[in-house]
K.L.:
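First the structure, which I've put down as structure tokens, then a few questions once you've had a look.
Just follow the structure's listing: the first ligand is 1, and inside any ligand the first atom is 1.
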Amino acid sequence: MPRKQFDASYYKRFYSSTPVHSRKKVALLANSVHSMCAWWDVPVRSVLDVGAGLGYWRDWYAENYPKVKRLSTDISEHACEKYGHEQHDIGTWAPSTKFDLVVCHGVLQYLGDKQAEAAIRNLAKATRHVLYLEVPTKSDLRHVVDKVATDLDIHARTGDWYRNRLSKYFVQAGAGLWVAKSSEAVLYELERTKK
Ligand SMILES: C[S@@+](CC[C@H](N)C(=O)[O-])C[C@H]1O[C@@H](n2cnc3c(N)ncnc32)[C@H](O)[C@@H]1O
């Protein structure tokens, strides 16, 4: 597959009339994720947004929790220049220090299997407590996603493909939340899956 271009036309296509993620929806999600961290007594003092796109998560934290340290990254030169991110490929980069909360929202589907596997390792290196991860799976592509609003030029893998790799480093808590095994956060038995 030729290397995909995340240029101005990509963001225009997927973030204008029928946005794949709107600022309003991301605000609802960010509020919920932040509240779940608070429920688990996870102090969110730093947030890393990987593949930040238009930077909605970073902006939400800047507006609502300005004291939280924020780093937003993206592989796209265009997005980094226009929206103010550091340019990194999560397939080859991990930060030198951990972040309490790491967000990777709609990104891993753009990486091939080897790169996605490396990205999961890098996400694990980056996460002190909680990872929020959303990535459409084969099943989502058949049954869940809006085929007009969603970019279908992606790598489709099964949910188990992701679970098998993520579960080396994280406990799945549901709703996209993955708690680092090295975190001291304590979850009730039925707040998490068995693995
Ligand atoms: C569907 S957009 C999601 C943007 C944002 N996270 C959101 O939820 O609105 C996918 C983003 O992932 C970025 N991306 C793709 N491959 C990447 C990689 N290997 N490392 C970092 N970012 C990547 C793209 O440049 C693009 O901005």
K.L.:
Between Asn31 and Ser35, which heavy-atom pair has the shortest distance, and what is it?
P.N.:
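Minimum heavy-atom contact is O-OG, 2.8 Å.
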
K.L.:
So, 4.0 Å and heavy atoms of Trp57: is ligand 1 close enough to count as a contact?
P.N.:
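Outside the 4.0 Å threshold, so no.
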
K.L.:
Determine whether the side chain, the backbone, both or neither of Ala52 has a heavy atom under 4.0 Å from any heavy atom of ligand 1.
P.N.:
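Under 4.0 Å from ligand 1, Ala52 contributes backbone atoms alone.
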
K.L.:
For ligand 1, is Gln115 a contact, meaning one of its heavy atoms is under 4.0 Å away?
P.N.:
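False for this residue.
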
K.L.:
Nearest non-hydrogen atom to atom 13 (C) of ligand 1 belongs to which of Ile154, Val103, Asp74?
P.N.:
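Heavy atom nearest to atom 13 (C) of ligand 1 belongs to Asp74.
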
K.L.:
Backbone, side chain, both or neither: what part of His21 comes under 4.0 angstrom of ligand 1, heavy atoms only?
P.N.:
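For His21, the contact with ligand 1 is made by the side chain alone.
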
K.L.:
In terms of heavy-atom contacts, does NZ of Lys25 have more than 12 from other residues, nucleotides or ligands at under 6.0 Å?
P.N.:
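Not buried by this count: 12 neighbours or fewer within 6.0 Å.
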
K.L.:
Just to confirm my output: which protein heavy-atom neighbour is closest to atom 20 (N) of ligand 1, and how far is it?
P.N.:
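Answer for atom 20 (N) of ligand 1: Ile90 N, 3.0 Å.
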
K.L.:
Starting from atom 11 (C) of ligand 1, find the nearest protein heavy-atom neighbour and note its residue, name and distance.
P.N.:
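In this structure, atom 11 (C) of ligand 1 has Gly51 O, 3.7 Å as its nearest protein heavy atom.
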
K.L.:
Would you mind running through ligand 1 and noting each atom that sits below 4.0 Å from a heavy atom of Gly53?
P.N.:
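Atoms satisfying the 4.0 Å criterion: 4 (C), 27 (O).
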
K.L.:
According to the interplanar angle, ranging from 0 to 90°, do the rings of Tyr65 and Tyr61 count as parallel (below 30°), tilted (30 to 60°) or perpendicular (above 60°)?
P.N.:
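Because their plane-to-plane angle lies in the 30° to 60° range, the rings of Tyr65 and Tyr61 count as tilted.
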
K.L.:
If only atom types and distance count, is the side chain of Arg58 paired as donor or acceptor with the main-chain N or O of Tyr83 below 3.5 Å?
P.N.:
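It does hold such a pair.
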
K.L.:
With distance as the sole test, does His88 use its side chain to make a donor-acceptor pair with the main-chain N or O of Ala94 at under 3.5 Å?
P.N.:
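Checked: no pair found.
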
K.L.:
Check whether any side-chain N or O of Asp89 sits under 3.5 Å from a backbone N or O of Ile75 as a donor-acceptor pair, and report yes or no.
P.N.:
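Absent.
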
K.L.:
For atom 10 (C) of ligand 1, which candidate among Ser72, Gly112, Ala116, Gly106 holds the nearest heavy atom?
P.N.:
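Answer by nearest heavy atom: Gly106.
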
K.L.:
Could you tell me whether the side chains of Trp40 and Glu184 share a donor-acceptor contact shorter than 3.5 Å?
P.N.:
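Side chains of Trp40 and Glu184: no pair found under 3.5 Å.
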
K.L.:
Which of the numbered atoms in ligand 1 are under 4.0 angstrom from any heavy atom belonging to Asp89?
P.N.:
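Ligand 1 atoms under the 4.0 Å threshold to Asp89: 18 (C), 19 (N), 20 (N).
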
K.L.:
Against heavy atoms of Tyr10, which atoms of ligand 1 measure under 4.0 Å?
P.N.:
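Result: 1 (C), 2 (S), 10 (C).
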
K.L.:
Determine whether the side chain, the backbone, both or neither of Thr73 has a heavy atom under 4.0 Å from any heavy atom of ligand 1.
P.N.:
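Looking at Thr73 and ligand 1, no heavy atom falls under 4.0 Å.
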
K.L.:
Out of Asp49, Leu54, Ile75, who gets a non-hydrogen atom closest to atom 18 (C) of ligand 1?
P.N.:
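Ranked by closest heavy atom to atom 18 (C) of ligand 1, first place is Ile75.
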
K.L.:
For Tyr11, which part has a heavy atom under 4.0 Å from ligand 1: side chain, backbone, both, or neither?
P.N.:
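The side chain, only.
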
K.L.:
Pick, from Tyr56, Tyr15, Phe14, the option with the minimum heavy-atom distance to atom 4 (C) of ligand 1.
P.N.:
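Among Tyr56, Tyr15, Phe14, the closest heavy atom to atom 4 (C) of ligand 1 comes from Tyr15.
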
K.L.:
Taking Ser183 for its side chain and Val179 for its backbone only, find out whether a donor-acceptor pair lies under 3.5 Å.
P.N.:
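No; judged by distance alone, with no hydrogens or angles, the pair does not exist.
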
K.L.:
Have a look at ligand 1 and work out which part of His88, if any, has a heavy atom under 4.0 Å from it: side chain, backbone, both or neither.
P.N.:
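It is the backbone that touches ligand 1; the side chain stays farther off.
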
K.L.:
Under the 6.0 Å and 45° cation-pi test, does Lys69 pair with Phe99?
P.N.:
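Yes, a cation-pi geometry.
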
K.L.:
Out of Leu29, Val26, Val107, whose heavy atom is nearest to atom 12 (O) of ligand 1?
P.N.:
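Comparing heavy atoms across Leu29, Val26, Val107, the nearest one to atom 12 (O) of ligand 1 lies in Val107.
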
K.L.:
Looking at Asp151 and Arg13, does any basic side-chain N land under 4.0 Å from a carboxylate oxygen?
P.N.:
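Judged by the 4.0 Å cut-off on N to carboxylate O distance, Asp151 and Arg13 do not form a salt bridge.
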
K.L.:
Within 45° of the six-membered ring axis of Trp161 and under 6.0 Å from that ring's centre, is NZ or CZ of Arg163 located there?
P.N.:
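Arg163 over Trp161 ring: no.
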
